[in-house]
2 protein chains.
Amino acid sequence: MFIGELSRQTGMSTRGLRYYEQQGLLHPLRRSSGYREFNESDVDRVRRIRVLLAAGLNTDLIREVLPCMTGDGAILAPTCEEMAQDLVRERERMSRSIEELKAAHAMLEAIIRAGEPLVARSDC
Amino acid sequence: MFIGELSRQTGMSTRGLRYYEQQGLLHPLRRSSGYREFNESDVDRVRRIRVLLAAGLNTDLIREVLPCMTGDGAILAPTCEEMAQDLVRERERMSRSIEELKAAHAMLEAIIRAGEPLVARSDC
DNA sequence: CTAAACCTTGACGTTAACGTCAGAGTCAAA
DNA sequence: TTTGACTCTGACGTTAACGTCAAGGTTTAG
């Protein structure tokens, strides 16, 4: 499929997909015309990329971990010790992020609850 | 206290603290010399700001919610309906973020686990 | 064959939360 | 009073993941 079709199936802009290729996260074939040709497995691949990006990983690390995640859902071991250490660091950073998010979530929750009994207010 | 002391007690750079003031998150008094004068409660205030920033709230919204959180830990209701709606939206965004983070965390966890039995590897 | 819809590269723009630097004034202890 | 540490404003720099053009080729249905 061409880039527009992949964009439709993933919800990612074509600009974003080209950026992913530039960062080494996607490796489409090329037609003689220069058109990129993606395959079905790239849909899942893009989804995985977005999950990891949303979690705060940068493209450098994503490029390293993607080969550990085959298209059929299998998981492979890290390909080198340095990468394994990076992964552990990122996992810890994520754990901290989750705790911070929960703390902030609790703050908002408390304020929202304090306001809910007063949905019908006269001020404001 | 002056800005350097607040910086030490919070771990936030002086540049960051000035930025917070510029964004309306802090309101230090000023000496005739122009020096900012903070008080003890600003330490907690800065901590709350950082928690909310780390959770992805922007300074505009933080400026609105801070008045709902008094120094002694009490929680007040939102000051207007529009803000209450913003808070609900942000809470939902946070819930999604937490789920995304958990998903990414599980991905890394699986890869790390796949590698751990092989700590002593010959390749790489 | 043609025209609409697609694709290409390249390059500059955007955003938020600061980092960094310069030049100049202020504080406080000795 | 000196001096070293501190503070002020202002302004430009940084970063990542894209957005948004522009100018030009490609595809394909009819």
Side-chain angles (χ1 to χ4, degrees), chain A residues 1-39 42 45-66 86 90 93-94 97 100-101 104, chain B residues 1-39 42 45-66 86 90 93-94 97 100-101 104:
Chain A
M1 73 184 83
F2 292 153
I3 197 169
E5 181 61 23
L6 181 61
S7 170
R8 253 158 286 164
Q9 291 194 29
T10 60
M12 190 62 199
S13 67
T14 59
R15 176 66 176 89
L17 295 175
R18 292 193 188 98
Y19 174 74
Y20 290 169
E21 185 198 17
Q22 188 189 340
Q23 296 297 306
L25 308 183
L26 294 175
H27 305 286
L29 300 176
R30 294 298 187 119
R31 284 201 169 180
S32 57
S33 65
Y35 278 32
R36 293 169 179 81
E37 235 171 345
F38 299 90
N39 55 48
D42 286 323
R45 192 175 175 90
V46 169
R47 294 209 176 114
R48 280 195 293 271
I49 292 170
R50 300 190 77 180
V51 166
L52 294 174
L53 273 179
L57 274 75
N58 58 25
T59 54
D60 289 347
L61 191 51
I62 295 176
R63 177 173 47 251
E64 291 182 358
V65 305
L66 278 181
D86 288 348
E90 282 301 316
R93 195 189 51 71
M94 281 185 196
S97 280
E100 286 172 350
L101 267 171
Chain B
M1 74 183 83
F2 292 152
I3 199 171
E5 181 61 22
L6 182 60
S7 171
R8 253 158 287 165
Q9 290 193 29
T10 60
M12 190 61 197
S13 68
T14 59
R15 176 65 176 92
L17 295 174
R18 292 193 188 98
Y19 174 73
Y20 290 168
E21 185 199 17
Q22 188 189 339
Q23 296 297 308
L25 309 183
L26 293 173
H27 306 285
L29 300 177
R30 292 298 187 119
R31 285 202 169 179
S32 56
S33 65
Y35 276 33
R36 294 169 178 83
E37 235 171 344
F38 299 90
N39 55 48
D42 286 323
R45 192 176 176 90
V46 170
R47 294 205 176 116
R48 280 194 293 271
I49 293 171
R50 301 190 75 180
V51 166
L52 294 173
L53 273 178
L57 274 74
N58 59 24
T59 54
D60 289 346
L61 191 51
I62 295 176
R63 176 173 46 252
E64 291 181 359
V65 306
L66 278 180
D86 288 348
E90 282 300 317
R93 196 189 51 72
M94 281 186 196
S97 281
E100 287 172 350
L101 267 171

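Throughout, a chain's letter reflects where its sequence line sits, starting with A, and its residues are numbered from 1.
Partners of B/Arg63 under the side-chain hydrogen bond (donor to acceptor under 3.5 Å, both in side chains) rule, at least two apart in sequence or in another chain, are B/Asp60. Shown here are the side-chain contact (heavy atoms from CB on, under 4.5 Å) partners of B/Val65, two or more places apart in sequence or in another chain: A/Ile111, B/Leu52, B/Leu61, B/Met83, B/Leu87. Applying the salt bridge (Lys or Arg N to Asp or Glu O under 4.0 Å) criterion to A/Glu21, with sequence neighbours excluded, gives A/Arg30, A/Arg36. Every residue two or more places apart in sequence or in another chain was checked for a salt bridge (Lys or Arg N to Asp or Glu O under 4.0 Å) with B/Asp42, and none qualifies. Applying the side-chain contact (heavy atoms from CB on, under 4.5 Å) test to B/Gln9 and every residue at least two apart in sequence or in another chain returns B/Met1, B/Glu5, B/Glu40, B/Val43. Every residue two or more places apart in sequence or in another chain was checked for a salt bridge (Lys or Arg N to Asp or Glu O under 4.0 Å) with B/Glu64, and none qualifies. Residues satisfying the side-chain hydrogen bond (donor to acceptor under 3.5 Å, both in side chains) criterion with A/Asn58, sequence neighbours excluded, are absent altogether. The side-chain contact (heavy atoms from CB on, under 4.5 Å) test applied to B/Ser32 returns no partner, not counting sequence neighbours.
Place B/Ser32 and A/Tyr35 on DNA chain C by their nearest nucleotides, and A/Tyr35 ends up nearer the 5' end.
When DNA chain C is scanned 5' to 3' for any atom under 4.0 Å from a heavy atom of chain B, the first and last hits are C/dA17 to C/dC27.
Residues from residues 55-62 of chain B lying near DNA chain D, meaning a heavy-atom separation below 4.0 Å, are absent. Of the residues in residues 1-21 of chain B, those with a non-hydrogen atom less than 4.0 angstrom from any atom of DNA chain D are B/Phe2, B/Ile3, B/Gly4, B/Arg15, B/Arg18.
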Sequence neighbours left out, cut at 3.5 Å: what donor-acceptor pairs do the side chains of residues 11-19 of chain A make with other protein atoms?
from    : atom 1 : to      : atom 2 : distance (Å)
A/Ser13 : OG     : A/Gly16 : N      : 3.0

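Contact check for A/Met94 versus A/Leu57: side-chain heavy atoms found under the 4.5 Å cut-off.
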